[in-house]
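Notes follow the structure.
Position 1 is the first residue of the sequence; numbering continues from there. Quick caveat: nothing in here was measured; it's all calculated off a predicted structure.
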Amino acid sequence: MRVLLIDGHPDRDRLAAHLLDLYQRALPAHHMIDRIAIRDLRFDPILHRGYAEPQPLEEDLQRATQAILDADHVVIAHPLWWGAEPALLKGFYDRVFLPGTTFQYHKRSPFWDKLLKGRSGDVLVTTDTPVPWLKLRFGNPLGRRLSHQVLGFCGIKPLRIGFFGPVRRGGAERRMAGWRKRLTQLAEGAEALKRGRKA
């Protein structure tokens with residue numbers, strides 16, 4: 001199985017990268033692994049005209065697009081800022097998840113083809129908000145959006161979205177042993193998830 005790891009933090013050496021490191025180490029040895037850090041890509045994160053006219057992909061985005069298409073399982077890690085992913089990662093979604101590449105609307109109906117169908121995914125989200133509060137008080141808008149309007153919209157399913165927090169005031173250090181175990185379980189279960197079995 002080919003696994004693509006995407007670091008969506010705009011800064012290096014942050015918790016998102018560490019979670020990806022732990023996930024990567026726990027993947028079975030026979031998996032092929034590709035890794036991208038969004039901050040290292042050279043691209044304009046603004047989709048200036050929407051879909052009104054094509055905006056040519058920079059070389060880094062061409063390679064990133066191909067890595068997504070080649071992957072069987074996609075893992076994205078990022079912090080939760082103002083209830084969403086960082087702007088640079090959102091710009092990556094805007095530029096790469098395009099009609100004809102990751103989805104395709106039908107001409108005479110409101111439906112669409114999910115061109116990334118057959119791929120599974122994990123999203124690892126770091127947060128300062130206590131996770132139960134995030135889900136109960138705010139209704140988990142990020143999880144719902146990624147599952148139904150972004151990654152799931154394009155066919156990445158099953159999609160597991162895991163929240164790791166709260167991070168502040170030593171929270172990450174206190175919880176790291178449990179997170180390491182959780183990430184190991186996610187990584188070891190990725191192949192079963194891809195095959196549609198419960199993981």
Do you know the tightest heavy-atom contact between [X] and [Y]?
X     : Y      : result
Ala77 : Leu20  : CB-CG, 3.6 Å
Asp94 : Leu98  : O-CD2, 3.5 Å
Val74 : Ala71  : CG2-CB, 4.0 Å
Leu69 : Thr101 : CD2-O, 3.9 Å
Pro99 : Gln104 : C-OE1, 3.8 Å

(message) Using the side-chain contact (heavy atoms from CB on, under 4.5 Å) definition, which of the options Val123, Leu193, Leu124, Val75 pairs with Arg160?
(response)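 Answer to the side-chain contact (heavy atoms from CB on, under 4.5 Å) test with Arg160 among Val123, Leu193, Leu124, Val75: Leu193.
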Distance-only donor-acceptor hits, side chain of residues 78-89, under 3.5 Å, sequence neighbours excluded:
unit_1, atom_1, unit_2, atom_2, d
Glu85, OE1, Arg145, NH2, 2.5
Glu85, OE2, Arg145, NH2, 3.0

(request) Evaluate side-chain contact (heavy atoms from CB on, under 4.5 Å) for Lys117 paired with Lys157, printing each intermediate quantity in order. (result) CA-CA 7 Å; Lys117 188 175 180 180; Lys157 183 179 180 182; over 6 Å; no
(request) Check step by step if side-chain contact (heavy atoms from CB on, under 4.5 Å) holds for Leu22 and Lys181. (result) CA-CA 9 Å; Leu22 295 174; Lys181 181 178 179 181; over 6 Å; no
(request) Inspect the surroundings of CG in Asp13 and state if more than 12 heavy atoms from other residues, nucleotides or ligands are less than 6.0 Å away. (result) no
(request) Under the salt bridge (Lys or Arg N to Asp or Glu O under 4.0 Å) rule, what do Asp40 and Arg12 come out as? Steps first, then yes or no, please. (result) CA-CA 9 Å; Asp40 294 336; Arg12 61 184 68 255; 3.2 Å; yes
Heavy-atom check, side chain of [X] versus side chain of [Y], under 4.5 Å:
X      : Y      : result
Phe111 : His106 : yes
Thr65  : Ile68  : no
Thr102 : Phe153 : no
Leu5   : Asp34  : no
Val150 : Lys90  : no

Check ring-ring contact (aromatic ring centres under 6.0 Å, His included) between [X] and all other residues, then give those that pass, not counting sequence neighbours.
X     : value
Phe92 : none
Tyr23 : none
Tyr93 : Phe97

(request) Can you run down the side-chain hydrogen bond (donor to acceptor under 3.5 Å, both in side chains) pairs that involve residues 44-54, sequence neighbours left out, and say none if there aren't any? (result) Asp44-His48, Arg49-Glu53
(message) Set out, in order, the CA-CA distance, both residues' side-chain angles and the distance that settles salt bridge (Lys or Arg N to Asp or Glu O under 4.0 Å) for Arg119 and Asp70, then state yes or no.
(response) CA-CA 10 Å; Arg119 294 161 185 81; Asp70 290 342; over 6 Å; no
(request) Check step by step if side-chain contact (heavy atoms from CB on, under 4.5 Å) holds for His73 and Asp122. (result) CA-CA 8 Å; His73 184 73; Asp122 281 307; 3.0 Å; yes
(request) May I ask you to decide whether Glu58 forms a salt bridge with Arg95, counting only side-chain N to carboxylate O separations under 4.0 Å? (result) yes
(request) Show the numbers, then the answer: is there a side-chain contact (heavy atoms from CB on, under 4.5 Å) between Leu4 and Arg35? (result) CA-CA 6 Å; Leu4 173 62; Arg35 188 158 173 168; 6.0 Å; no
(request) Using side chain to side chain donor-acceptor pair (under 3.5 Å) as the criterion, list what pairs up with Arg144, not counting sequence neighbours. (result) none
(message) I'd like to know whether the aromatic ring centres of Trp179 and Phe164 sit less than 6.0 Å apart in this structure.
(response) yes
(request) Would you check, one step at a time, whether the test salt bridge (Lys or Arg N to Asp or Glu O under 4.0 Å) holds for Asp11 with Arg39? (result) CA-CA 7 Å; Asp11 193 13; Arg39 63 184 166 271; over 6 Å; no
